[in-house]
Engineer: 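Okay, handing you the structure first.
Order of listing sets the numbers, starting from 1, for every ligand and every atom in it.
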Amino acid sequence: MGCCDTPGLMPVSSAIDILLDNTSPLTQTEIVSLVDAQNRITSEDIRSPINVPPFANSAMDGYALRCADLNNNMTLRLAGKSFAGIPFEGEWPAGSCIRIMTGAEVPVGADAVIMQEQTTVNGDDITFTHTAELQQNIRPIGNDVEAGDVVIPKGTLLTPREVPMLATLGIGTVTVMRRPKVAFFSTGDELRQVGEALGKGEIYDSNRYTIRAMLEKMHCEAIDLGVVPDCPEQLRNAFLKAASEADVIVTSGGVSVGEADYTKDILDQEGEVGFWKIAIKPGKPFAFGKVKGALFCGLPGNPVSVLVTLHVLVQPLLAKLAGHTQWQPTITLSAKAETRFRKSPGRADYQRAVYRINEQGELVVATTGNQGSGAFSSLSIANCFAVLEQDRGHIDVGENVTIEPFGTVLN
Ligand code: AMP
Ligand code: MG
């Protein structure tokens, strides 16, 4: 992959480019019913089979009429009614009007609707207090969508903004991309499962919870392979099992100096792997490769590094694999630092921070304090990353800082 040859630390954007260059979208598709379509990604353009609305209808409760009739007389005789689902059928004489409700079909010949608030009613005589403009309060046929229009392009994630659109079109099943299968495990002799008692020198495995939660938010099929000790044979078995079950293997730990050798030896035999040092903090050590056809992302062990590298590096890869061509990284904004941010030049920092609008209406951002790569507690009080550019040093109060508010994957 050429990634190991890069001298020094690899900029984040270069790492993402290599990850994407080595990832091809899945090709298999599935047909799902509309009730199961949320969070799936369209595998083809969806065209409308019908016009929406399918017939010209009224935007108001009022009276449908011919505008020209009001030139002679502002009072028209009521000739019938058109209600939603029960349209007016038949002829209606010149100088008359039709009672009409919102969404009801506009009778043939009517060229405007006047809302009922602009009338006085005396039995069947309706007096209009306002004149009408042609087509006023009429929603024309196909006004929203024309039959044959592409309403949802290929590669769109279906959300509450698209699913009802499909229902509006009468589309009951959708062809979607197969979801990426991602097998994951934690590595480390020191790790205990939640529920077990901690022995001396042991800690709980939290990274699998981070990985699972984020994979689910990224709409992947998550396959949990548990905790694997730092033992070459068990690691090899875990990699082979993961590769046989999944499109992507995500691991935590075992990629920093020293430990990496285990993983490297196994992957050199079973696939190809590059160990990178990325100019990102936290998250510098990262491994990427292929194991028997599966992509492999080896995350560092530190809990905050896991979350940051999943977010920054693995997320674009999974989006491409999933065929989510409309995927975009979370928006970034410029905010004014209201605290100092400690930083050394050399890596792009993803610091946990809190943004808000201050009393002067400005977007400001403050550090959450402890930025240690194991300090998970400062994540839950944060609402954004302060993304501090690679070459930047300390940031003083009042300087501008790029922030990335937490989006759907981290909320
Ligand atoms: P490693 O990259 O394996 O050297 O791990 C770096 C640090 O992260 C060490 O302090 C590990 O104990 C810790 N760590 C590794 N894996 C996990 C995990 N699954 N959950 C919580 N902490 C971990
Ligand atoms: Mg370890």
Engineer: Under a 3.5 Å threshold, yes or no: a donor from one side chain and an acceptor from the other, between R342 and Q351?
Structural biologist: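 Judged by distance alone, the side chains do not pair up.
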Engineer: Quick one: do the T159 and E162 side chains pair a donor with an acceptor below 3.5 Å?
Structural biologist: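 Indeed, the side chains of T159 and E162 share at least one donor-acceptor pair under 3.5 Å.
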Engineer: Assess the pair F385 and H311: is the distance between their ring centroids shorter than 6.0 Å?
Structural biologist: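 Yes: the rings meet the under 6.0 Å criterion.
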Engineer: My understanding is that only one of T187, N207, N302, T309 makes a side chain to side chain donor-acceptor pair (under 3.5 Å) with S252; could you say which?
Structural biologist: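 Of the listed options, the one satisfying the test is N207.
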Engineer: Between Q193 and R208, do the side chains contain an N or O donor and an N or O acceptor separated by less than 3.5 Å?
Structural biologist: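 R208 and Q193 do have a side-chain donor-acceptor pair below 3.5 Å.
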Engineer: Compare every heavy atom of N22 with every heavy atom of L295, then report the nearest pair and how far apart it is.
Structural biologist: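 The answer is CD2-O, 3.5 Å.
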Engineer: Filter the ligand 1-protein atom pairs down to N or O on both sides and distance under 3.5 Å, then list them.
Structural biologist:
| residue | atom | partner | partner atom | Å |
| --- | --- | --- | --- | --- |
| ligand 1 | 2 (O) | G301 | N | 3.1 |
| ligand 1 | 3 (O) | G254 | N | 3.1 |
| ligand 1 | 3 (O) | E259 | OE1 | 2.7 |
| ligand 1 | 4 (O) | S256 | OG | 3.3 |
| ligand 1 | 4 (O) | E259 | OE1 | 2.9 |
| ligand 1 | 8 (O) | G301 | O | 3.2 |
| ligand 1 | 8 (O) | N302 | N | 3.3 |
| ligand 1 | 12 (O) | E190 | OE2 | 2.6 |
| ligand 1 | 14 (N) | G301 | O | 3.3 |
| ligand 1 | 16 (N) | N207 | ND2 | 3.4 |
| ligand 1 | 19 (N) | S186 | OG | 3.4 |
| ligand 1 | 19 (N) | D205 | OD1 | 2.7 |
| ligand 1 | 19 (N) | N207 | ND2 | 3.3 |
| ligand 1 | 20 (N) | S206 | N | 3.1 |
| ligand 1 | 20 (N) | N207 | N | 3.4 |

